[in-house]
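The structure appears below as structure tokens.
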Amino acid sequence: MDISQKKRTLLKVIVLGDSGVGKTSLMNQYVYRKFSQHYKATIGADFVTKELQLDDKLVTLQIWDTAGQERFNSLGAAFYRGADCCVLVYDVNTKKTFDTLNNWHDEFIKQADLNDDEAFPFVLLGNKVDVDGGNSRRVTEKKAREWCASRGNLPYFETSAKEGYNVEEAFLYVAKITSENE
Ligand code: GDP
Ligand code: MG
């Protein structure tokens with residue numbers, strides 16, 4: 001098929017989770033294949049885009065980051081409006097970032113004004129699995145999967161933005177499940 005005849009789809013993906021879990025790093029790794037140790041609270045842009053080809057579809061992922069405003073109710077309605085997928089991120093080495101997942105999940109459902117909460121695609125990422133060879137881990141994969149099961153069987157990926165581990169796979173999965181709904 002001629003590429004110009006392919007269906008083009010724009011998908012809005014929102015990345016949520018506590019400050020410091022690696023949201024910006026995951027996006028930078030996925031889109032630019034870059035990682036920085038230096039902590040920057042904001043990237044100064046609302047979203048980054050990545051184009052990919054899925055079978056007969058051309059998909060543009062528009063990935064929205066929080067610019068250091070990771071407090072509940074601090075993200076405006078425009079941030080959530082028209083979202084096609086929500087990626088929740090926690091840090092496997094910090095229990096608190098796992099405990100707040102309920103709040104992020106609830107907050108998204110409330111703010112995004114979804115037609116059907118249960119059918120909406122959420123994906124959970126457990127990031128920073130590289131740290132200390134896994135020795136400083138505070139949340140087991142089993143616990144994370146139990147949480148996913150309790151929230152309607154959300155898909156789960158363990159990632160390292162630093163090493164690029166599973167990042168491409170996770171976002172490819174996001175693109176696939178999200179474009180199926182279009
Ligand atoms: P955000 O606040 O959720 O956007 O988190 P950032 O992407 O700014 O990352 C916070 C800090 O964690 C930065 O110093 C990153 O370099 C670091 N970081 C992010 N992802 C990883 C990872 O997978 N492994 C390690 N070791 N550090 C990471
Ligand atoms: Mg950030």
Side-chain angles (χ1 to χ4, degrees), residues 11-50 61-81 83-109 111-112 121-145 147-148 151 154-175:
L11 301 173
K12 179 172 177 178
V13 176
I14 284 178
V15 183
L16 288 180
D18 284 0
S19 180
V21 296
K23 300 181 298 296
T24 303
S25 301
L26 284 161
M27 294 169 54
N28 284 338
Q29 177 60 255
Y30 179 56
V31 177
Y32 309 113
R33 295 182 193 281
K34 272 200 225 152
F35 176 78
S36 166
Q37 298 280 0
H38 302 290
Y39 183 82
K40 275 198 218 114
T42 172
I43 56 165
D46 292 325
F47 58 79
V48 293
T49 59
K50 169 105 168 179
L61 283 188
Q62 190 185 66
I63 311 170
W64 288 58
D65 193 13
T66 49
Q69 302 154 296
E70 291 99 333
R71 282 172 292 115
F72 298 110
N73 293 316
S74 71
L75 299 161
F79 183 77
Y80 294 97
R81 193 176 299 129
D84 296 298
C85 180
C86 176
V87 176
L88 298 167
V89 186
Y90 79 98
D91 170 358
V92 301
N93 308 288
T94 312
K95 176 85 165 35
K96 188 186 156 289
T97 68
F98 178 72
D99 294 336
T100 52
L101 287 173
N102 282 326
N103 306 27
W104 286 116
H105 190 238
D106 292 344
E107 175 80 356
F108 181 84
I109 290 170
Q111 298 282 352
F122 287 92
V123 174
L124 178 65
L125 308 186
N127 190 41
K128 306 198 192 185
V129 294
D130 63 279
V131 173
D132 200 14
N135 289 321
S136 31
R137 195 165 171 143
R138 294 288 172 273
V139 181
T140 62
E141 179 170 353
K142 183 162 176 277
K143 273 267 169 270
R145 292 197 183 275
W147 185 81
C148 288
R151 290 269 160 165
L154 311 188
Y156 178 60
F157 290 84
E158 303 226 307
T159 59
S160 164
K162 183 176 181 183
E163 313 217 312
Y165 170 73
N166 242 358
V167 177
E168 178 106 40
E169 289 82 352
F171 281 102
L172 183 61
Y173 184 87
V174 164

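Atoms within a ligand are numbered from 1 in the order they appear, just like the ligands themselves.
Looking at Gly20 next to ligand 1, an N or O pair under 3.5 Å apart turns up. Where the criterion is an N or O separation shorter than 3.5 Å, residue side chain and backbone included, Asp65 fails it with respect to ligand 1. The shortest N/O to N/O separation between Phe35 and ligand 1 does not fall below 3.5 Å. For Thr159, no nitrogen or oxygen atom sits less than 3.5 Å from a nitrogen or oxygen atom of ligand 1, counting backbone and side chain alike.
Which parts of ligand 1 touch Asp18 is read off a 4.0 Å heavy-atom cut-off, strictly below it: atoms 3 (O). Atoms of ligand 1 found under 4.0 Å from any heavy atom of Ser36, numbered from 1 in the order shown, are 15 (C), 16 (O). Residue contact check: Asp130 has heavy atoms under 4.0 Å from atoms 22 (C), 23 (O), 24 (N), 25 (C), 26 (N) of ligand 1. When each atom of ligand 1 is checked for a heavy atom of Val131 under 4.0 Å away, the hits are 26 (N).
Using a distance-only test at 3.5 Å, with no hydrogens or angles considered, no donor-acceptor pair links the side chain of Lys23 to the main chain of Val89. Asn28 places no side-chain N or O within donor-acceptor distance of the main-chain N or O of Phe35, the cut-off being under 3.5 Å. No side-chain donor-acceptor contact under 3.5 Å links Lys162 to the backbone of Val129.
Applying the side chain to side chain donor-acceptor pair (under 3.5 Å) test to Thr159 and every residue at least two apart in sequence or in another chain returns Asn127.
Using a cut-off of 4.0 Å between Lys/Arg side-chain N and Asp/Glu carboxylate O, Arg145 and Glu158 are scored as not salt-bridged.
For the Mg ion (ligand 2), the set of nearby N, O or S atoms under 2.8 Å includes none belonging to Thr66.
At a 4.0 Å heavy-atom cut-off, ligand 1 touches Asn127 through the side chain alone. Here Thr24 has heavy atoms under 4.0 Å from ligand 1 in both its backbone and its side chain.
Closest of all the heavy-atom pairs between Val87 and Val13 is CG2-CG1, 3.7 Å.
Using the six-membered ring where Trp is involved, Trp147 and His105 have ring planes that are perpendicular, over 60° apart on the 30 and 60° scheme.
The nearest non-hydrogen atom to atom 15 (C) of ligand 1, considering only Ala161, Gly22, Ser25, comes from Ser25.
Taking the ring centre of Tyr30 as origin, the terminal cationic atom of Lys50 falls inside the region bounded by 6.0 Å and 45° from the ring axis.
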